[in-house]
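The analysis underlying the following values was restricted to heavy atoms, covering all of them including side chains, and did not include hydrogens, waters or symmetry mates.
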Amino acid sequence: MAIQRAIAAEGKVDAGPNWLLRDLMGLAAVLAVAGIGYLLFPNNLALLTRITAIALLVLSLDLVTGYCGIATLGHAALFGSGAYAAGIAAVHFDITDPFAMAAVGAVGGAAAGLLAGAIMLRGRGLAQLVLSIAIVYLFHETANKASNWTGGSDGLAGISPDPVFGIFGFDLWGRTAYVFGIAILAVVFVLLRLLVRSPFGMLCRGIREDPVRVSAMGASVNGTLLRMYAISGAVAGLGGALNAISTQVVGLDSLSFTTSAEALVMLVVGGTGSLFGALVGTLTFMWFEDFVSAINPFHWLTIIGALLIAVVLFAPNGLYGTATQLLHRVWNKR
Amino acid sequence: MNAVFQVNNLNKSFGGLTVANGISLSMEQGDRVALIGPNGAGKTTFINLVTGHMPPDSGSVALRGADITRLGPTARVRKGLVRSFQVTRLFSDMTPAEHVALAVLQRTGRSGRVFGNFGAMPDVMAEVSEGLKALGIDHIANHKVSEIAYGQQRLLEIALALALKPNVLLLDEPAAGVPQSDTSRIEEALAGLPDDLAVLMIDHDMDLVFRFARRVVVLAAGTIIFDGTPQDVAKDARVREAYLGNYANARSSV
Ligand SMILES: Nc1ncnc2c1ncn2[C@@H]1O[C@H](COP(=O)(O)OP(=O)(O)OP(=O)(O)O)[C@@H](O)[C@H]1O
Ligand SMILES: [Mg+2]
């Protein structure tokens, strides 16, 4: 009994009220940043919405990379699958309700996640990384060839989602799309924070550290990872669907190697394995990219490269990871 | 004839090196068997073979009468065959409480839950505190494993295995790497293992072996050369030759 109380009091096993507070603060931060963005950049809501969609992709990547330890350079395959699923549902099947489109995107992403996961889990280490690249190229080629369905390299156009709740139309300023996106992000973020603390989340963290130990505890390693891949696919698919809904077009770049690699870079910039880092990384990278390419359209890639090197050298755990580490140190000194 | 654990004619070689040479062994409820033998005799390999972590060339393994040879390692654990590792395998950024909780959740079919937290599951918390207290590591329940002493990590390995409520427990050198001052804790833990559990322990520490075991099995070059009481093992000429000659060696390498 004493230990039970000790555990609850210390809150270190994430069982106390500590984490709840942290998650609520996280949620508040997301909403606050979203509100500030809305007020500061009312004419740039399209960019903010795209950041929101990519944030879902990077959160999804954090689930498999940060929590399960699987490095992948093909994660946009899941994002793009969600985008095409939502787009095809709207264009070919007349499913134009935005919530229905988002749901279709999530299902499409989850299906792609199961497929990608089933292939990925055949390999380990470097072979696995190569498999992930093969997967995103295959998805890309499939979308390119199936142009009757996807519009091929021209992209899938003609997506016109219905107004949200039949009231808020997707207008030229992108206000509806932005609020819709932030709402999805906020809900997903809270659900994922619950997920990573659940028994299932603990099991995944265990697998990241030592799959042999997990199997010696009687838990199925591949079954667990495949399940996480499906969940991750649903999240990425939601991001893809949001992108399809807000831009009303789906292009091949949504399931490209470049998008996959950028997502991994954003995750590393922010820090893996906290979900907070994924958000920080996406926002930092995409804002920086936009800002730098505007002031110097010729050398922006160089500057991005310099940012990456600086982060890796001076904040090896990512911006969020390193910041919390510093805070802990300061806290402990008091 | 109510063997809980039965190994029949197990064979394995790595290239030209035979590490399991027709090993047969059976254990009953409550058995306390020590498996000893010189370094490289194939003791750890034996555990890997019977737990399914490594495929044997031939032979069979049965648990409570049912053949489990074709099952994978996770399925064998679920049937009650649990092992520990010679070199501690723990999750460095989790706490002892989390380790034991995960084992309890796994055993009770709740490790796949995507919502909720073990902190809010009273039965799990009760087992966690009980399990850690049984091994005297409840005071460090909430420290990260990377921050606790190696001897305590070894105790956690045992707590983890016990939380899976095994029928057969295979311990691979539970005291290896533990400073002399802490081995008594491990010994207490071994003495306190459930009576109905069949335990096979590998160790090089003869004092520990003699205090723990009611039966000693000696493995040399993949072959069982002795299977009998602790009293007889020291008198056996083959054992002396194969093993006790290396005793000093073996001890210093621990
Ligand atoms: N995967 C493997 N591939 C090739 N050889 C192996 C493998 N695993 C073990 N061996 C060899 O098999 C022999 C037996 O190894 P094992 O680890 O079973 O010995 P052990 O009796 O546990 O020794 P120790 O007391 O040192 O732990 C050793 O010679 C070892 O090098
Ligand atoms: Mg060994």
Side-chain angles (χ1 to χ4, degrees), chain A residues 1-20 23 63 66-67 69 190-228 230-231 234 273-274 317, chain B residues 51-53 72-85 88-99 101-107 110-122 124-126 128-130 132-133 138-139 141-145 157 160-161 163-164 166:
Chain A
M1 283 302 115
I3 178 195
Q4 255 164 281
R5 248 177 282 123
I7 291 173
E10 267 193 65
K12 266 201 186 160
V13 292
D14 278 351
N18 238 355
W19 56 262
L20 193 64
D23 287 2
L63 292 180
Y67 287 92
V190 170
L191 288 179
L192 291 187
R193 285 295 303 171
L194 293 177
L195 177 80
V196 298
R197 260 194 324 271
S198 69
F200 175 74
M202 270 167 69
L203 200 56
C204 288
R205 281 189 284 141
I207 290 173
R208 179 190 62 198
E209 287 207 39
D210 190 347
V212 174
R213 163 44 86 193
V214 169
S215 73
M217 288 168 77
S220 158
V221 171
N222 277 357
T224 304
L225 292 179
L226 202 55
R227 201 156 157 232
M228 191 53 131
I231 295 172
S274 67
N317 294 321
Chain B
T51 54
H53 283 98
T74 54
R76 295 184 198 204
V77 173
R78 288 178 202 170
K79 292 206 177 288
L81 177 62
V82 172
R83 70 172 298 178
S84 75
F85 292 92
T88 317
R89 300 188 85 128
L90 297 167
F91 312 123
S92 57
D93 65 349
M94 287 196 206
T95 65
E98 287 176 305
H99 279 81
L102 200 51
V104 173
L105 289 165
Q106 169 57 32
R107 193 194 80 228
R110 285 176 286 181
S111 67
R113 288 209 182 163
V114 291
F115 287 107
N117 186 280
F118 72 87
M121 302 177 189
V124 177
M125 289 298 273
V128 167
S129 63
E130 209 175 289
L132 293 177
K133 193 177 287 169
D138 47 334
H139 59 291
N142 299 313
H143 293 251
K144 277 189 181 175
V145 158
E157 277 265 352
L160 198 49
L164 296 165

- Which region of A:Val196, side chain (C-beta onward) or backbone (N, CA, C, O), has a non-hydrogen atom less than 4.5 Å from a non-hydrogen atom of chain B, or is it both or neither? neither

- Contact part of A:Ser220 toward chain B, heavy-atom cut-off under 4.5 Å: side chain, backbone, both or neither? both

Counting only non-hydrogen atoms closer than 4.5 Å, does [X] touch chain A with its backbone (N, CA, C, O), its side chain (CB onward), both, or neither?
X: B:Leu160; result: side chain
X: B:Arg110; result: backbone
X: B:Ser111; result: both
X: B:His53; result: side chain
X: B:Leu105; result: side chain

- Task: Kindly say whether B:Leu164 contributes a backbone atom to a donor-acceptor pair with the side chain of B:Gln106 at under 3.5 angstrom?
- Result: no

- Got a donor-acceptor contact below 3.5 angstrom from the A:Arg208 side chain to the A:Gly273 backbone? no

- About how many Å separate CE of B:Met125 and CG of B:Asn117, when rounded to the nearest 0.5 Å? 8.5 Å

- Message: List the residues meeting side-chain hydrogen bond (donor to acceptor under 3.5 Å, both in side chains) with A:Arg213, not counting sequence neighbours, and say none if there are none.
- Response: B:Glu157

- Note on the structure: Sorted by chain and number, sequence neighbours left out, side-chain hydrogen bond (donor to acceptor under 3.5 Å, both in side chains) with B:Arg76 holds for none

